[in-house]
Structures are given as structure tokens and as C-alpha cells.
Amino acid sequence: MTELPKTYDASKVESKIYKRWLDSGYFNPDKLPKDHKDHYTISMPPPNVTGTLHIGHALGATIQDVLIRFARMQGKKTLWLPGTDHAAIATQSKVEKEIYKKEKKTRHDYGREEFLKLVEKFAQESHDTIIEQLKRMGTSCDWSREAYTLDEQRTLAVRTAFKNMYEDGLIYRGSRIVNWDPRLATTVSDDEVEWEERKTPFYYIKYGPFTIGTARPETKFGDKYVVMHPDDKRYKKYKHGDQLPVEWINGKITATVIKDKTVDMEFGTGVMTITPWHDKTDFDIAERHNLDKKQIIDYKGKLLSIAQEFAGIHIKKAHPMIVEKLKEKGLLKKIDENYVNRVAINSRGGELIEPQIKKQWFVNVNAKFKAKNDKLKGIIKGQEITLKDLMKNVVASGQIKITPDRFTKIYYHWIDNLRDWCISRQIWYGHRMPVWYKGKQTYVGIEPPEGDEWKQDPDTLDTWFSSGLWTFSTLGWPNNTSDLKTYHPTNVMETGYDILFFWIARMILMSGYNLSDIPFKDVYMHGLVRDKDRQKMSKSKGNIIDPLGVIDLYGTDALRMALVFSTAAGNDIPLAEEKIKGMKHFANKLWNIARFVLTNTPSVILDATPDDSESNFDSRLRGNNKLTAADKDILQKLKLTIKKVTENFEKFRLHEAAQEIYQFTWHELADKYLEASKEQLKDEKLREPTQTILLHCLIVILKLLHPFMPFVTEEIWSHLNQKDLLIISKWPTP
RNA sequence: GGACGAUUAGCUCAGUUGGUUAGAGCGUCUCGUUUACACCGAGAAGGCCGUAGGUUCGAAUCCUACAUCGUCCACCA
């Protein structure tokens, strides 16, 4: 027996222990002892290389590591595959902001190649920081398989998927209205748009015999269609297709009457004019009735020649000028100053969205393709399905289970409202479209076509396109590797509920199409970490808890335990520093239990207690009819604790598992049995069984606690004369 | 406008097939410096489990309505 130091110093122990794990090779499933069977795989949601890890990452990393360590101790061949995400638009916009702040330069001042070098450097630095942080969290992932969404292997996967989907007619190019960010000069997907309520003046303007309402008079120059509901009695005398002269902003125009059921009769006057180029609703109406579409605003937010005297002026500036002109012409009838409007903002950069019609690439969610095999429940090989059907089917059939259950309904609802997914972005950082043009010809392939005349599409792919492939691209796909055959589908996808649509749904889509299989069997969603007043953590509020900061103060184990301890799946987690501090005390308590047990255990007993000692332990006590009430009580409660902890693990109730073991360790073992044992140890006849029980309890709680608090438990374990590391010891049975 | 979630001790939260005196962390009060631990122990105060009904032998838990807060979704010009 080696003596435990008087106090536990997490900062000194953790790096030493982590190195010991790395040296053992046990993070790599291929290097686990041969008796490890039944694969258990988790793909790590790759953190964005946009800086550093925040507390939300720490939560995810902890939960996944807890699951992985539990599975590993259950004798499973566990693979936790780590990686990082290039996060295209988020990373690029971070660098753009930086160079603008420092040098007042834009990416165009640098040019594509030079700018990309800057982004890559930033991404590399972020990557290094993030990996170091993950290691400090104690994550037991297989670093030999680390992946990046933009590395060579993943590029092959992306191009292969794109090519196949294009050839199957699931990817097409078309002119659609998209969310355009004039500042970043790129499109963003529907899911990336955030809506913000703003009070804006609402103008009632005379339009021929009608009055129309708008918050955006600057878009109205080209409005030559006036739309109303077919059942609106007020406008009965106007027929669909009627033409009438109207005095408009810049003179006389001819307006055409359109009847469409999407018009809300209750709103405003029940009449509106449409701007199909700059409004999604209007675009849909124009499509339905085959109407002309005209661009009013350019891609930088300036008015085009149709605005005549206002041409070249930025819409922000032009707005009051146009209002003034309408007033002069007597067209402005009324202004409602209390109108609350919802404006669209790019959540990845913060600029106002200006809808535009652009040629973009889309994934068609309603086109049919043939299933490659029978792996999807209820779908046979060769059967035709759409991506939409597929995404719904795998969850409805129970092949993928979402925890907590309530997100299932939200997921269905999202699918029902799903439109084609715009996958092209006009930014530079990311996977360049594997598309080349020559005159009117288009070539899609993995390698560029022969010949200099072919020009590659300048756009890049939405970052979620590559993330969607993550569970299988990381295992070597499109090559038919043994990793892919062995570890896919993965067992659990553990992530925050905020990326259910962005990512979970896209992974289901991608593996459904490319493999005709599910990417994972279980989805486990955790909540957002908030501060103790339930506020979102943000830099501006100054309520950020920095994972590394608290690790330095209280130790990784304390942070991990605090994160898992009092939260249910999918619920947000208020985290106060006091909670982490409390868990540091718990680590200290455990340390002192170990010190007490070890100073009272002679080496004879210690040596006679190898890891797999449970049956051994029972036989050693059998025939001993001198067990005291305290002995019997603690052994019974220990059994019960093992049972409950294991059950809670299996049901993803990690917080309850943590609470059970916490309660037992402190308030049963330490408070009661250790106190009782002090007397029993003085009694010669009771001494040996008491020592045996103490040691047995210690061994079991170290195992039960190890998934949550890996460092302190492994450190104590190293003082127990055990053959191998705690990380691969056998999970106890009740 | 639709959907979902939350409402439990002073504060932050657990409490999943309805079942004995409703739990934890932090905080408060009293006592205790016994060689594992003061990062401790013993004990105490503190809860009409949002409101009102209903089902049941029995409800924090199931049902209905309402209130407050929050989140997500949605093409109100």
C-alpha cells in the first residue's frame, strides 16, 4: 500500500492521470483487452473552430464521456470519435470582423487565396486550443481517429455525396428567393435566420383606387400587381386580370389585379401590392400566377435604376426620402407609428436579411430515390422514397429514438414544413462546390474535368452539408472500411436541442440517402447551460463561466459532477459556481474516505482483493455470522445503490445516477458506516470483516463514480494494488 | 396565430410506470475542535408541490380549465 497524501490536489493529479490513460491505449477500441465485445460508438459533435470551448461544450463532452466510460466498464468495445467543424460562415465572419477591426480591410482587399490563408491559420489555432480543452475535460476519445469536416477524407465524402445526389436528381440548381445578407454577401438558410421584433412606422399609401399598407416603401417601385382575396366583397367589382392606371411613386403605371387566397382580409385594407424579388410570400404568389419579377435592390443594399432619382442610394438612406416624396405627391394617407414588425437577421453575422432571387443549389426534399438495401425499417431495397418521408419514417418506426420524447413532435412539425434546402453559400471558407461550367455545360464530379475552359463554381457548400455526413465520413466512407462496417450506425448522438434541425435532421437525411441506414439509434438532447438566474450566458452580460477557469479552481471532476448532477434531459441547466465548489468538497470527501479505509486496511487484505473480487468478497464473508447491524445495513444499501445507478444509466437518467451515488457515498458510507466502523475496528473479532467490507465499499463506489469523476477515482485506485487501470475495470453487479 | 416546456424549502433545481414522514446543493440557526475530512459532524428551522375543479382507497405525479414566465415554429404585406 502506498499512502495517500493528506489532501487531493486536482491540478497536479489530472494531467498525470490523463497521460496514463493515453499511454494505456484504452481510448482506442482496437487496443482494449480482448474480452471487450459488443461495439458502442459515439460520434462527437464536432465543436466549431471559432475560438474556444464554452460551458455548453463542457456539458456535452461530460455527458458523452460518462456514457462512454460506463459502456467501456461494462466490457463493451467503445469508440468515441472526436473531431472539429470548420463552421464555414461562422469562422469566416469571425476572421472578417477581426481584419476589419484591425486593418479596416475586407476579404475582397485580400483576395480569395490570401484571405483563406488567414482563415485557415485562425481555424488551426482554434483547433489546437479546443483539443487541449477537451483533453482537460478528461474526455476518453480515440484521438488516433480524429477528423475535421474540411480535411481530405471528408472532402472526398462531401464530393461523393454531392455527385450521387446530383445524379439521382436530389440536387438541382435553380432561381429561388433566398435569404441574402448584404454585408457578408452570402445567402443563409432558413434555419439560420433569426427574427427580431422592431417598432417601425407603417405607411398607408394610395394605390389607384386602393390603399395599401407597407413598412418598406423603398421596395415598392416596381409594384405593378395588386392582390386581394377572391372572396373579399369590398373588391368584388375588380376581376382577376383587370388592368387599371395608377399614379405611383415615379409616375403613371399600369396595375394588374390578382386574386389570391393567401391574402389576409382582416389585415390592413385587405389589399396589397407585391415585390416578388424581395419577399418570400410575394415570390410564391408570383410563381403561382406566373407574374413578372423585377429586382429593385442590388446585392449591396442599394437601389437599382428602376428607382430612377433614388438609384444608387442605400435603402436605409432612401427610406425617409421616399416617404417624403410620397407625402409631396399626396399618396401617403396615414402613418401608424406603433406598428411592430418582425425583421430577419442573420444569426451568423448579425446583418439584416434582404431577400433576393438568386441562382442557388438546392437539395430537393420531395424527389424520390431508391433505397439501396433493407436496413431502413419498413422500407425494402429498391423502394422509392423521398428524403422527407425517410426523415419522418425512421423516427416514426422507432428505429431512432429521441430523448426526451417531446422533441419527437417538434421534429415532425419541422419536417412537415420543410422546404428545399439551399446548400450554396457565397462565402470562401468551406467546401467549394464540386461543379464546373463551360458555356452552357455543367459538370459535377469528384475531380475537375479535363481542359482549361472549365470554370469551377465559386460558391461553397453550407457547412451542415459536410456535418450531415459526419457519423459515416469519419469512419472512412465512401470507402468500404472495416471501421464503417464495425462502428456504424453509432449508438448515441448526444447534443444540445438547439441543433435538432440544423444537424440531427441533416444527419438522418444524409445517412438515409447515402447508406440507406440510420446514423444513430438514440438521440439524447441536453439543455442549455444558463447562469444561476436562468439567464443565457453571454460575454456582454458578463455571466460566463469559463470551463478552464473553474477547472483550475475546483478540478475537472467537480465541474463534471456539477454539470451532470441536477439536470434532466432536455431541460436547461442553471449552473452556479457554488455548485461546482460543492462538488469539489465531495471529491475531497471521497479522498478522505479512501484515506480512512487505506490506513485501516492491512496489506494482507488489500492484496487479497483484486479487481474482480465480488464473488471472492461474498465467499470471504460467507460463514461469518458475526456481522453487525451496521455491516448488514451498509451492504444492503450498497447493493441497492449499484442497482439504481445501473438502471438510471441505462435509461439516460444520468443526473439521478449521480445523485444516488453521491447520496450513498456521503450520507451512508461516510456519515454512518465509517463512524460505526471506528468502534468495530477496536473489537478483535469484528476487525477483519469490517476491514473487508470497508475496502469492498470503497472499490465499488470508485467504480460507480468513475464515469462522473474519472480523475480522483483513478488516482485513488492506483493506491489499491490493482492489476490494471480503473478505466477498464468491470462494472459492479448488485 | 400554432406547438412545447416550466411553475416544488430563502435561492437554484431533482423527484418517468400515482403508494409510507416530498429530496439535494447553497444559504440560515444551535451544538460539537472525538487521530478520514472544518472542503467536517450532530441537530433544527423552513414546503396549502402556481390556482380551481375532476379521476382514485390514495395525486407533486393522471385529466380539464385558468394564470404567470420561457422556448420553438409560422409567408400578416
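Just so it is clear, the values below take in all heavy atoms, side chains as well, and ignore hydrogens, waters and symmetry mates. Throughout, protein chains are lettered first and strands after them, A, B, ... in sequence-line order, and every chain is numbered starting at 1.
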**Student:** Taking only N/O atoms, report every protein-nucleotides 74-77 of chain B pair under 3.5 Å with atom names and distance.
**Tutor:**
| residue | atom | partner | partner atom | Å |
| --- | --- | --- | --- | --- |
| A74(B) | N6 | Arg342(A) | NH1 | 3.1 |
| A74(B) | N6 | Arg342(A) | NH2 | 3.3 |
| C75(B) | OP1 | Arg419(A) | NH2 | 3.2 |
| C75(B) | O4' | Thr281(A) | OG1 | 3.4 |
| C75(B) | O2' | Thr281(A) | OG1 | 2.4 |
| C76(B) | O2 | Asp264(A) | OD2 | 2.7 |
| A77(B) | OP1 | Asn341(A) | OD1 | 3.1 |
| A77(B) | OP2 | Tyr339(A) | OH | 2.2 |
| A77(B) | O2' | Gly213(A) | O | 3.4 |
| A77(B) | N6 | Asp264(A) | O | 2.7 |
| A77(B) | N6 | Phe267(A) | O | 3.2 |
| A77(B) | N1 | Asp264(A) | N | 3.2 |

**Student:** Between Phe708(A) (CZ) and A24(B) (P), how many Å, whole number?
**Tutor:**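 Between P of A24(B) and CZ of Phe708(A): 19 Å.
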**Student:** Which of the following nucleotides, U16(B), C4(B), A36(B), is nearest to the side chain of Ala670(A)?
**Tutor:**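 Among the listed nucleotides, the one closest to the side chain of Ala670(A) is A36(B).
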**Student:** On a whole-Å scale, what distance lies between the P atoms belonging to C48(B) and A38(B)?
**Tutor:**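 To the nearest whole Å, 37 Å.
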**Student:** Is a salt bridge present between Asp633(A) and Lys672(A), judged by a nitrogen-to-oxygen distance below 4.0 Å?
**Tutor:**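 Not counted as a salt bridge, because no side-chain N and carboxylate O are separated by less than 4.0 Å.
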**Student:** Say we look at G5(B) and G47(B): how far apart would their C1' atoms be, to the nearest angstrom?
**Tutor:**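 That atom pair is separated by 23 Å.
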**Student:** For Lys294(A), look at atom NZ and say whether over 12 heavy atoms of other residues, nucleotides or ligands are found less than 6.0 Å away.
**Tutor:**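 Counting other residues, nucleotides and ligands, NZ of Lys294(A) stays at 12 neighbours or fewer.
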**Student:** When we call it a touch if two heavy atoms are under 4.0 Å apart, what does Leu500(A) touch: a base, just sugar-phosphate, or nothing?
**Tutor:**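 No contact at all - Leu500(A) keeps every heavy atom at 4.0 Å or more from the nucleic acid.
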**Student:** Nearest whole Å is fine: how far is C72(B) P from Asp498(A) CG?
**Tutor:**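 To the nearest whole Å, that distance equals 10 Å.
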**Student:** What residues, two or more places apart in sequence or in another chain, satisfy ring-ring contact (aromatic ring centres under 6.0 Å, His included) together with Phe711(A)?
**Tutor:**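 Trp21(A).
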**Student:** What nitrogen or oxygen pairs link the protein and nucleotides 37-40 of chain B at under 3.5 Å?
**Tutor:**
| residue | atom | partner | partner atom | Å |
| --- | --- | --- | --- | --- |
| C37(B) | O4' | Asn592(A) | OD1 | 2.9 |
| C37(B) | O4' | Asn592(A) | ND2 | 3.3 |
| C37(B) | O2' | Asn588(A) | ND2 | 3.1 |
| C37(B) | O2 | Lys589(A) | NZ | 2.7 |
| C37(B) | N3 | Lys589(A) | NZ | 3.0 |
| C39(B) | O4' | His585(A) | NE2 | 3.0 |
| C39(B) | O2' | Asn588(A) | ND2 | 2.9 |
| C40(B) | O3' | Lys589(A) | NZ | 2.9 |

**Student:** Given atom NE2 of His667(A) and atom C1' of G23(B), what is their separation to the nearest angstrom?
**Tutor:**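 Checked: the NE2 to C1' distance equals 11 Å.
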**Student:** Distance from Thr200(A) atom OG1 to Arg216(A) atom CZ, nearest 0.5 Å?
**Tutor:**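 One finds 10.0 Å between OG1 of Thr200(A) and CZ of Arg216(A).
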**Student:** A24(B) and A44(B): how far apart are their P atoms, nearest whole angstrom?
**Tutor:**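 Per the computed distance, 12 Å lies between those P atoms.
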**Student:** Could you check whether Lys334(A) makes a cation-pi contact with Tyr204(A), meaning its NZ or CZ is under 6.0 Å from the centre of the six-membered ring and within 45° of the ring axis?
**Tutor:**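 The answer is yes, since Lys334(A) meets both limits relative to Tyr204(A).
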**Student:** Between Gln691(A) and Thr601(A), is there a side-chain donor-acceptor contact under 3.5 Å, judged purely by atom types and distance?
**Tutor:**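 Their side chains do not contain a donor-acceptor pair, so the 3.5 Å distance test is not met.
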**Student:** Aromatic contact between Phe649(A) and Phe708(A), with the criterion being ring centroids under 6.0 Å apart: yes or no?
**Tutor:**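 Between Phe708(A) and Phe649(A), which both carry aromatic rings, the centre distance is below 6.0 Å.
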**Student:** Rounded to whole angstrom units, what separation is found between the OH atom of Tyr662(A) and the C1' atom of C13(B)?
**Tutor:**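 Rounded to the whole Å, the gap is 14 Å.
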**Student:** With rounding to the closest Å, how many angstrom separate the C1' atoms on U7(B) and U61(B)?
**Tutor:**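 Result for the C1' pair: 14 Å, nearest Å.
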**Student:** Check the phosphate of G15(B) against His655(A), side-chain N and O only, distance under 4.0 Å to OP1 or OP2. Yes or no?
**Tutor:**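 Looking at the OP1 and OP2 atoms of G15(B), one of them is under 4.0 Å from a side-chain N or O of His655(A).
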**Student:** Any luck finding a side-chain donor-acceptor pair between Asn346(A) and Glu194(A) under 3.5 Å?
**Tutor:**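 On atom types as modelled, these side chains do not qualify, holding no pair under 3.5 Å.
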**Student:** Working to the nearest 0.5 Å, report the span between CD1 of Ile661(A) and CD of Gln663(A).
**Tutor:**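 Those atoms lie 10.5 Å apart.
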**Student:** Expressed in whole Å, how much space separates the C1' atoms belonging to A67(B) and U28(B)?
**Tutor:**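 Comparing C1' positions in A67(B) and U28(B) gives a spacing of 32 Å.
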**Student:** For atom P, what is the distance between G27(B) and U34(B), given to the nearest Å?
**Tutor:**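 The same atom, P, in both gives a distance of 23 Å.
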**Student:** U12(B) C1' sits how many Å from Ile580(A) CD1, rounded?
**Tutor:**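 Atom CD1 in Ile580(A) sits about 13 Å away from atom C1' in U12(B).
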**Student:** Taking the six-membered ring of Phe565(A), is the NZ or CZ of Lys579(A) close enough (under 6.0 Å from the centre) and on axis enough (within 45°)?
**Tutor:**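 Verdict for Phe565(A): no cation-pi partner in Lys579(A).
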**Student:** Requiring both pairing distances under 3.5 angstrom, list the stems that contain RNA chain B and are made of three or more consecutive Watson-Crick or G-U pairs.
**Tutor:**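 Only these stems qualify: B:1-7 with B:67-73, B:10-13 with B:23-26, B:28-32 with B:40-44, B:50-54 with B:62-66.
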**Student:** Residues two or more places apart in sequence or in another chain: which of them pass ring-ring contact (aromatic ring centres under 6.0 Å, His included) with Trp277(A)?
**Tutor:**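 Trp277(A): no ring-ring contact (aromatic ring centres under 6.0 Å, His included) contacts found.
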**Student:** Using the C1' atom as the reference point in each nucleotide, state the distance between G15(B) and G25(B) in Å, no decimals.
**Tutor:**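 Here G15(B) and G25(B) have their C1' atoms 15 Å from each other.
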**Student:** What is the distance, to the nearest angstrom, from the CD atom on Glu660(A) to the P atom on G25(B)?
**Tutor:**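 One finds 14 Å between P of G25(B) and CD of Glu660(A), rounded.
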**Student:** Applying side chain to side chain donor-acceptor pair (under 3.5 Å), can you list everything that pairs with Gln295(A), at least two apart in sequence or on another chain?
**Tutor:**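 Counting only residues at least two positions away or on another chain, Gln295(A) forms a side chain to side chain donor-acceptor pair (under 3.5 Å) with Gln356(A).
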**Student:** Pick the nucleotide of RNA chain B nearest each of Phe501(A) and Met583(A); which residue has the one closer to the 5' end?
**Tutor:**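 First, find each residue's nearest nucleotide; the 5'-ward one identifies Met583(A).
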**Student:** So His278(A), base contact, sugar-phosphate only, or nothing? Heavy-atom distance under 4.0 Å.
**Tutor:**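 Answer is nothing: His278(A) stays at 4.0 Å or more from every strand.
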**Student:** Could you state the atom-to-atom distance from CG of Leu654(A) to P of A14(B) in whole Å?
**Tutor:**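 Distance, rounded to whole Å: 14 Å.
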**Student:** Please tell me which of the listed nucleotides, U16(B), G25(B), A36(B), lies nearest to the side chain of Lys579(A)?
**Tutor:**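 The listed nucleotide nearest to Lys579(A)'s side chain is G25(B).
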**Student:** Take atom P in G50(B) and the same atom in A22(B), then report the distance between them in whole Å.
**Tutor:**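 Result for the P pair: 15 Å, nearest Å.
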**Student:** How many whole angstroms separate atom NZ of Lys581(A) from atom C1' of G27(B)?
**Tutor:**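 Rounded to whole Å, this separation is 12 Å.
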**Student:** Flag yes if more than 12 heavy atoms outside Glu337(A) fall under 6.0 Å of its CD atom; otherwise flag no.
**Tutor:**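 Counting other residues, nucleotides and ligands, CD of Glu337(A) exceeds 12 neighbours.
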